[in-house]
Amino acid sequence: MSSFQTLPGFREFYPEDLARRNHIFRRWRQAAHAFGFAEYDAPVLEPLDLYKAKSGDEIEGQLFNFTDKGGREVALRPEMTPTVCRLVGAKASALKRPIKWFSIAEFYRYERAQKGRQRSFFQLNADIFGESGPEAEIELIALLIQCLAGFGLTKDDFYVRLSDRDLWFFYLEALGFGDAPARELLGAIDKFEKMGDDTFKTYGEKHGELEPGKKAAILGFMKIRSLDALEREIAGLPQEQLKARVADWRKVLEGVSAMGLGEYVSVDLSVVRGLAYYTGFVFEAFDRQGDLRALAGGGRYDTLVEKLGGPALPAVGFAIGDVTTGLLLEQRGVMPAFVNAPDIYCVIGGAPERLAAFADIHVLRAAGRRVEYPMKELAFGKQFKAAAESGAKLALIYGGDELAKGIVKIRDLTERSEREVPRDQVVSAVRDFFSGQ
RNA sequence: GCGGUCAUAGCUCAGUUGGUUAGAGCACAAGAUUGUGAAUCUUGGGGUCGCGGGUUCGAGUCCCGUUGGCCGCCCCA
């Protein structure tokens, strides 16, 4: 056992693990491409201030940060959003709208690892810039669903909870709350699912006890699970803004329903999402059984590009992580078994036969066939066993008898049948075999 | 940062009130087997019992510490 251990929360990817990871990335990338998103990448190491500007000084405790040899305060990226805001902000005037971008990248957070959470993890980030209407939300929610449905998961496996910070602010305003108490309440609402009634304690200490009538109204608003119920709830309220928001809600829900995804999305105003830079719709994906952490999360952040030094540019985005997604795929049995099988295994007699085989092996490999052969001289019996175990479809047999006759035996390892072909026709015979598959 | 729990071969685990040189299955490798398939048999490599200290004539086993894994709390962009 090595005395050098991996750092806590970091994973090593042996071939089998990497095959699983690549499978996840491949499906994500397929989905993003199908939706017309362009892929980008950016530095892993960023100035520390980039994250402080977005999230405040207290973020430093959760970062892998240090001073580099040039005296710069730097951090391994904990998320993509500030970076992509900078990229887009710098070239905003030259980019065709809407800007639809995605990336698959590794992130680092200095937190205690637990189920579904590591210190290093991968995320797909997808964002739309330059579109202020709910059409962007429709596109991203549909993409998020496809990023999970692409594995064969269905509406019985996961769902997306949709909420709206603007709607909450307008509603709380209608109940008579000012801006600061409203923000405090959103924090409390976010934690209600976990903490229950205690979550309003801090609010009570800061802004005075919550009136029972208002509290009941807030709890009732959180329990709304349909657009109809939402419309009934706000019908008597005077705020025009509320009605405009509900019109946007109708657009989003009609849009995803028209795509056939209605059953994946549920109205759920108990979702608020932690940090305060979200400005409108927010959404999170969860497994239906509810025993995993969130699969994905996102929302609208219309002020962030400008806050980070760019032009005013509306934006919506989400991120989906590899750790929880992988757990869900394993749990539902939709993670394929990855067999690392060659197309062809060569059975080779001795030294002269090996050189003859090499000629064909390289031609086949150059044509893209995956070909393997034993590195050392092995008894024929062993070689046939190895050929069968390798998972190859074909075996090419280069024995002394065959070469003396100017032929090579091609064995179909599935059918267990053999035929002889002249040596100069091996490559075309192999091509014919695989084109017929 | 806090709490619970665990740590013996690559993997899954056994290991008696503390007692000889720490075991099994699987996996890996070699042979039986120099011309045809996942079998069988034989053999082999592989361990600082996570690490450090203590108690003891003697510690994988008991005690303390520490590191790491898992689970949870805080946090979750």
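Chain letters run A, B, ... following the sequence lines, proteins first and then strands; every chain starts at 1. The analysis underlying the following values was restricted to heavy atoms, covering all of them including side chains, and did not include hydrogens, waters or symmetry mates. These numbers were taken from a predicted model, which means no experiment stands behind them.
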Participant: Between A/L378 and A/T6, which has a closest nucleotide on RNA chain B that is more 5'?
Facilitator: A/L378

Participant: Work out how far the C1' atom of B/C26 is from that of B/G3, and round it to whole angstrom.
Facilitator: 37 Å

Participant: Do A/D360 and A/Y398 pair up side chain to side chain, a donor and an acceptor below 3.5 Å, judged on atom types alone?
Facilitator: yes

Participant: Any side-chain N or O of A/K194 less than 4.0 Å from the OP1 or OP2 oxygen of B/C74?
Facilitator: yes

Participant: Regarding A/E106 and A/Y108, do their side chains bring together a donor and an acceptor under 3.5 Å, going by distance alone?
Facilitator: yes

Participant: Does a side chain donor of either A/N340 or A/R370 reach within less than 3.5 Å of an acceptor in the other side chain?
Facilitator: yes

Participant: Does any N or O donor sit under 3.5 Å from an N or O acceptor when you compare the side chain of A/R293 with the base of B/C76?
Facilitator: yes

Participant: Reckon A/G400 touches a base, only the sugar-phosphate, or nothing at all at heavy-atom distances under 4.0 Å?
Facilitator: base

Participant: With a 6.0 Å cut-off on ring centres, are A/F281 and A/W249 close enough?
Facilitator: yes

Participant: Starting at CG of A/D17 and ending at C1' of B/C11, how long is that distance when rounded to a whole Å?
Facilitator: 13 Å

Participant: What pair of heavy atoms forms the shortest contact from A/L292 to A/D287, and how long is it?
Facilitator: N-OD1, 3.3 Å

Participant: Rounded off to whole Å, could you give me the CD1-to-P distance for the A/I348 and B/U34 pair?
Facilitator: 17 Å

Participant: Tell me what A/G298 touches on the nucleic acid: a base, only sugar-phosphate, or nothing, going by heavy atoms under 4.0 Å.
Facilitator: nothing

Participant: Kindly give the heavy-atom pair with the smallest separation between A/A75 and A/L63, and that separation in Å.
Facilitator: CB-CD1, 4.2 Å

Participant: Please report the distance, rounded to the nearest Å, between CZ in A/R354 and P in B/G35.
Facilitator: 17 Å

Participant: Taking atom C1' in both B/U21 and B/U17, what distance in whole Å separates the two?
Facilitator: 23 Å

Participant: Within 45° of the ring axis of A/F122 and under 6.0 Å from its six-membered ring centre, is that where the NZ or CZ of A/R21 lies?
Facilitator: yes

Participant: In whole Å, measure the gap between the P atoms of B/U43 and B/U55 for me.
Facilitator: 44 Å

Participant: So, A/T199 side chain and A/A188 main chain: donor-acceptor pair closer than 3.5 Å or not?
Facilitator: yes

Participant: Which whole number of Å gives the distance between the P atom of B/A24 and that of B/G45?
Facilitator: 12 Å

Participant: Could you state the atom-to-atom distance from CZ of A/R109 to P of B/C76 in whole Å?
Facilitator: 10 Å

Participant: Report yes or no: do A/D164 and A/Y171 form a side-chain donor-acceptor pair below 3.5 Å?
Facilitator: no

Participant: If pairs are Watson-Crick or G-U with both distances under 3.5 Å, what is the dot-bracket string of RNA chain B, marking crossing pairs with [ ] and pairs to another strand with |?
Facilitator: (((((((..((((.....[...)))).(((((.......))))).....(((((..]....))))))))))))....

Participant: Which whole number of Å gives the distance between the C1' atom of B/G68 and that of B/C28?
Facilitator: 27 Å

Participant: Rounding to an integer number of Å, can you tell me how far A/E12 CD sits from B/G10 C1'?
Facilitator: 13 Å

Participant: The side chain of A/P8 is closest to which nucleotide in this list: B/G68, B/C73, B/A77?
Facilitator: B/G68

Participant: May I have the distance from A/Q383 (atom CD) to B/U33 (atom P), rounded to whole angstrom?
Facilitator: 18 Å

Participant: Look only at the side chain of A/Q383 and the backbone of A/I348, and say whether a donor-acceptor pair between them is shorter than 3.5 Å.
Facilitator: yes

Participant: Is the backbone of A/P78 close enough, under 3.5 Å, to the side chain of A/R109 for a donor and an acceptor to pair up by distance?
Facilitator: yes

Participant: For B/C6 versus B/C63, give the span between their P atoms, rounded off to a whole number of Å.
Facilitator: 11 Å

Participant: Let's test your reading of the model: under 3.5 Å, does the base of B/C75 pair with the side chain of A/R117 as donor and acceptor?
Facilitator: yes

Participant: Nearest-Å distance, CD (A/Q114) to P (B/G3)?
Facilitator: 16 Å

Participant: Can you tell me, in whole Å, how much space there is between the P of B/C49 and that of B/G60?
Facilitator: 7 Å

Participant: Pull out every protein N or O sitting under 3.5 Å from an N or O of nucleotides 36-38 of chain B, one pair per line with the distance.
Facilitator:
residue : atom : partner : partner atom : Å
B/U36   : O2   : A/R411  : NE           : 3.4
B/U36   : O2   : A/R411  : NH1          : 3.1
B/U36   : O2   : A/E418  : OE2          : 3.2
B/U36   : N3   : A/E418  : OE2          : 2.5
B/U36   : O4   : A/K409  : NZ           : 3.2
B/U36   : O4   : A/E418  : OE1          : 3.3
B/G37   : O2'  : A/R416  : NH2          : 3.0
B/G37   : N7   : A/R411  : NE           : 3.4
B/G37   : N7   : A/R411  : NH2          : 2.9
B/G37   : O6   : A/R411  : NE           : 2.2
B/G37   : O6   : A/R411  : NH2          : 2.8
B/G37   : N1   : A/L413  : O            : 2.9
B/G37   : N2   : A/L413  : O            : 3.2

Participant: Take atom C1' in B/G65 and the same atom in B/G47, then report the distance between them in whole Å.
Facilitator: 24 Å

